[in-house]
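Heads up, the thing below is written out as structure tokens.
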Amino acid sequence: QVQLVESGGGLVQPGGSLRLSCAASRFTLDYYAIGWFRQAPGKEREGVSCISSNDDSTYYADSVKGRFTISRDDAKNTVYLQMNSLKPEDAAVYYCAATSYPLPSPSFTTCTPLNLEVWGQGTLVTVSS
């Protein structure tokens, strides 16, 4: 059974940084488009960032653009989300997800939960002083 496991969440002060990891087992992430999503209490799950599998083109939500960076390490079969200058409104459970569809030039309309099939269990990010 294919599986994604997120890690790296935790408590950080406003302005701080965290790096989330998404590790895959029983499949190779290199061939999959990957997305990071987040869900805060009482809110819908939203797309944070996606990276395609054919040319590594990326998408970032406006709320995180310039602060977050998505990247792959194929040797480690892991995708990362580097989060800098964190704000209280970034607090949420963060999920990574994968799709075998290449998700070329991901955008607001394609980096959505419905387009990704394999999901991790989530990791909690708390931003508070």
>> For the CG atom of Leu114 and the OG1 atom of Thr99, what is their distance to the nearest 0.5 Å?
In response: 11.5 Å
> Below 4.5 Å, heavy atoms only, C-beta onward: do Tyr94 and Glu6 meet side chain to side chain?
Replying inline: no
> Taking Leu20 as the fixed residue, which of Val79, Val48, Thr123 is the one that meets the side-chain contact (heavy atoms from CB on, under 4.5 Å) rule?
Replying inline: Thr123
>> Applying a strict under-4.5 Å side-chain criterion to I, L, V, M, F, W and Y, I'd like to know whether Tyr80 and Phe68 cluster together.
In response: no
> With Thr58, which residues qualify under side chain to side chain donor-acceptor pair (under 3.5 Å), at least two apart?
Replying inline: none
>> Show me the pairs that pass salt bridge (Lys or Arg N to Asp or Glu O under 4.0 Å) and involve residues 40-50, at least two apart or across chains.
In response: Arg38-Glu46
> Are Pro88 and Pro14 side-chain neighbours, meaning at least one heavy-atom pair lies under 4.5 Å?
Replying inline: yes
> If only atom types and distance count, is the side chain of Asp73 paired as donor or acceptor with the main-chain N or O of Thr78 below 3.5 Å?
Replying inline: no
> Is there a path from Ile34 to Leu18 through hydrophobic residues (I, L, V, M, F, W, Y) whose side chains come within less than 4.5 Å of each other?
Replying inline: yes
> Among Asn115, Ile70, Leu103, Thr110, whose side-chain contact (heavy atoms from CB on, under 4.5 Å) with Cys50 holds?
Replying inline: Leu103
> Taking the six-membered ring for Trp, are Trp119 and Phe37 parallel (under 30°), tilted (30 to 60°) or perpendicular (over 60°)?
Replying inline: tilted
> Does the side chain of Gln82 reach to within under 4.5 Å of the side chain of Ser71, using non-hydrogen atoms?
Replying inline: no
> Under a single-linkage definition using a 4.5 Å side-chain heavy-atom cutoff for Ile, Leu, Val, Met, Phe, Trp and Tyr, are Phe27 and Tyr31 assigned to the same hydrophobic cluster?
Replying inline: yes
> Could you walk me through whether Gln13 and Ser129 pass the side chain to side chain donor-acceptor pair (under 3.5 Å) check?
Replying inline: CA-CA 5 Å; Gln13 292 185 343; Ser129 54; over 6 Å; no
> Is it true that Trp36 and Leu116 fall in one hydrophobic cluster, defined by side-chain heavy atoms closer than 4.5 Å?
Replying inline: no
>> Checking Asn54 against Ser52: is there a side-chain donor and acceptor pair closer than 3.5 Å?
In response: yes
>> For the residue pair Ser107 / Thr109, report whether a side-chain donor-acceptor contact shorter than 3.5 Å exists.
In response: yes
> Should Tyr59 and Cys111 count as side-chain neighbours, where that means a heavy-atom distance under 4.5 Å?
Replying inline: yes
>> Hydrophobic clustering (ILVMFWY, side-chain heavy atoms < 4.5 Å, transitive) - are Phe108 and Tyr60 grouped together?
In response: no
